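Everything on this sheet refers to the single structure shown next.
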Amino acid sequence: MTIKEALVWAREQLQEACERPAFEAELLLAYHLKQDRLYLITHESESVENVENLQKLVKRRAANEPYEYIVGEASFYDIHLAVEEGVLIPRPETEILIDRVSEIIEKENLTRIAEIGVGSGAISVVLARKFPNLNIIATDICEVPLKVAKRNIETFGLSEQIALRKSNLIDDVPEVLELVVSNPPYIAEDFLLASNVVDYEPKEALFGGSVGDELLKEIILDVKKRGIKYLVCEMGYDQKEPLQAFVNEVGVKSIYFYKDLAGFDRGFVIQFM
Ligand SMILES: C[S@@+](CC[C@H](N)C(=O)[O-])C[C@H]1O[C@@H](n2cnc3c(N)ncnc32)[C@H](O)[C@@H]1O
């Protein structure tokens, strides 16, 4: 089978599972050949070795497995992070959360923060790379994210700046903190998700409770109780109203909600004092 024929075959296989089957066919073939996509165009008539392996990759994607799990890598912000099943694939909207946190770190010269729910390490790794004086304690309740985050932290040489800790929220983080950042699970348990998400990504990373915002509310209460000045969280597009009502009851100095690039409410910044 030539490269050209392999692309035609793979595109047909991916027709149903992918929005851009031709593009994903190219990505998978390029990954299989350990080449970039340009190589496929310039070597159309070259024959593809080890076709059975390519077929396995394409069949996994055709069964809705996310591309990032198949190749073991996700691109996020300005880096590539290792990912595997059991850890959430970092999403582009979380880059906005990082920008909101960065503004506060810069303005207030913060050096001690925590992240709740580290996952692949996406947020902590990007923040630590941006701010060499920043120390981060990053928690998770699950083993796989802690293992994958450790790998990514080591890859980028950030072990001095980011300490990982198995903890529910910040229960086991007694250190003094200036800010907490989190992209917690915030989806309602009965929300219908696409197969590539619900069948492959970890439930602990997705579902925040029967309503969805339960963990977010717990985080707000915890951070307030601990006397930490700032909390910055990602949230669901429909959670602004209930969270605004909740903080009105709890009492905070200020809250503002930010939107994602599609114009949906996507997160908030709370200042407690
Ligand atoms: C939506 S994922 C976010 C992962 C990563 N921070 C990102 O933005 O890509 C949420 C993470 O929170 C973790 N988690 C869920 N409940 C938690 C809890 N009670 N305490 C700490 N971490 C929790 C999950 O295991 C998961 O890794």
Side-chain angles (χ1 to χ4, degrees), residues 76-79 81 87-88 90-91 93-142 145-146 148-186 205 215-235 243 247 250 252-258 266-273:
F76 181 75
Y77 221 91
D78 57 344
I79 53 175
L81 290 154
V87 72
L88 187 96
R91 304 294 204 270
E93 55 267 29
T94 304
E95 298 182 359
I96 306 171
L97 176 73
I98 292 178
D99 291 340
R100 295 292 83 81
V101 174
S102 299
E103 287 160 9
I104 302 171
I105 293 173
E106 267 166 15
K107 187 173 88 165
E108 301 266 349
N109 252 320
L110 304 187
T111 56
R112 292 163 300 173
I113 74 167
E115 181 190 355
I116 292 173
V118 69
S120 63
I123 296 171
S124 287
V125 166
V126 171
L127 285 173
R129 276 166 56 82
K130 278 170 92 102
F131 300 100
N133 291 328
L134 189 65
N135 291 296
I136 307 172
I137 301 167
T139 73
D140 210 290
I141 40 162
C142 297
L146 288 166
V148 174
K150 181 167 188 285
R151 197 179 342 143
N152 284 318
I153 289 165
E154 284 170 358
T155 300
F156 289 98
L158 298 169
S159 305
E160 296 280 300
Q161 269 181 276
I162 307 171
L164 288 168
R165 207 163 292 172
K166 187 166 188 189
S167 168
N168 173 52
L169 308 183
I170 42 169
D171 292 356
D172 296 308
V173 184
E175 287 88 342
V176 173
L177 298 167
E178 298 162 310
L179 178 149
V180 171
V181 57
S182 186
N183 171 21
Y186 55 70
L215 207 63
L216 278 162
K217 288 176 174 167
E218 222 181 297
I219 292 172
I220 293 171
L221 289 179
D222 256 27
V223 174
K224 179 178 163 91
K225 191 174 72 193
R226 285 280 302 275
I228 300 163
K229 191 169 176 185
Y230 290 105
L231 171 65
V232 189
C233 288
E234 190 168 306
M235 65 175 200
L243 288 173
V247 297
V250 168
V252 300
K253 184 172 176 195
S254 66
I255 180 166
Y256 79 83
F257 292 89
Y258 66 84
R266 184 54 64 198
F268 59 82
V269 177
I270 292 179
Q271 188 176 342
F272 286 100
M273 53 194 166

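All of these numbers come straight from a predicted model, not from anything done at the bench.
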Would you indicate whether the side-chain heavy atoms of Q271 and Y230 approach each other to under 4.5 Å? yes
Residue pair L169, V223: steps toward the side chain to side chain contact (heavy atoms under 4.5 Å, CB included) verdict: CA-CA 10 Å; L169 308 183; V223 174; over 6 Å; no
What's the separation between atom CG in L243 and atom CZ in F257, rounded to the nearest 0.5 Å? 5.5 Å
Test side chain to side chain contact (heavy atoms under 4.5 Å, CB included) on I220 and F268; report intermediate values, then the result. CA-CA 11 Å; I220 293 171; F268 59 82; 4.0 Å; yes
So does V232 get a backbone contact from the side chain of R100, meaning a donor-acceptor N/O pair under 3.5 Å? no
Distance from I113 atom CD1 to I105 atom CD1, nearest 0.5 Å? 4.5 Å
Check this for me, if you would: do E234 and R91 make a salt bridge, where the nitrogen-to-carboxylate-oxygen distance has to be below 4.0 angstrom? no
Answer whether the closest heavy-atom distance between the side chains of Y77 and D99 falls below 4.5 Å. yes
For the student: nearest non-hydrogen atoms of V118 and A138, plus distance: CG2-CB, 3.6 Å
Smallest heavy-atom separation, G119 atom then A149 atom, equals O-CB, 3.5 Å
Give me the atom names and distance for the closest heavy-atom approach of S124 to I162. O-CD1, 3.5 Å
With sequence neighbours excluded, what pairs up with D171 under the side chain to side chain donor-acceptor pair (under 3.5 Å) test? N168
Find the distance between CD1 (I255) and CD1 (I270) and round it off to the nearest 0.5 Å. 4.0 Å
Could you measure the distance from the CZ atom of R266 to the OH atom of Y258? Nearest 0.5 Å is fine. 8.5 Å
Nearest-0.5 Å distance, NZ of residue K166 to CD1 of residue I141: 8.5 Å
Quick one: list whatever passes side chain to side chain donor-acceptor pair (under 3.5 Å) with E154, sequence neighbours left out. K150
For R226, what residues pass the side chain to side chain donor-acceptor pair (under 3.5 Å) criterion, not counting sequence neighbours? none
Could you go step by step and tell me if L88 and S120 meet the side chain to side chain contact (heavy atoms under 4.5 Å, CB included) rule? CA-CA 7 Å; L88 187 96; S120 63; over 6 Å; no
Keeping the roles fixed (side chain from N133, backbone from T111), state whether a donor-acceptor pair exists under 3.5 Å. no
If every non-hydrogen atom of L177 is compared with every non-hydrogen atom of I228, which pair is closest and at what distance? O-CG2, 3.7 Å
Side-chain touch F76/T94, heavy atoms, less than 4.5 angstrom: yes
Of all the heavy-atom pairs spanning P132 and Q161, show the shortest one and how long it is. O-NE2, 3.4 Å
Rounded to the nearest 0.5 angstrom, the CG-CD1 distance for L164 and I136 is 10.0 Å
Cationic N near anionic O, under 4.0 Å, E178 to R112: yes
Residues passing the salt bridge (charged side-chain N to carboxylate O under 4.0 Å, His left out) test with E106, sequence neighbours excluded, are none
Scan for salt bridge (Lys or Arg N to Asp or Glu O under 4.0 Å) pairs involving residues 115-131, sequence neighbours excluded, and state none if there are none. D78-R129
Chi angles and distances behind the side chain to side chain contact (heavy atoms under 4.5 Å, CB included) call for I123, V101: CA-CA 10 Å; I123 296 171; V101 174; 6.0 Å; no
Beyond-backbone contact of T139 with D172, side-chain heavy atoms, under 4.5 angstrom: no
Mind checking what makes side chain to side chain donor-acceptor pair (under 3.5 Å) contact with E218, not counting sequence neighbours? none
Minimum heavy-atom distance between S182 and L97, given as atom pair plus value: O-CD2, 3.9 Å
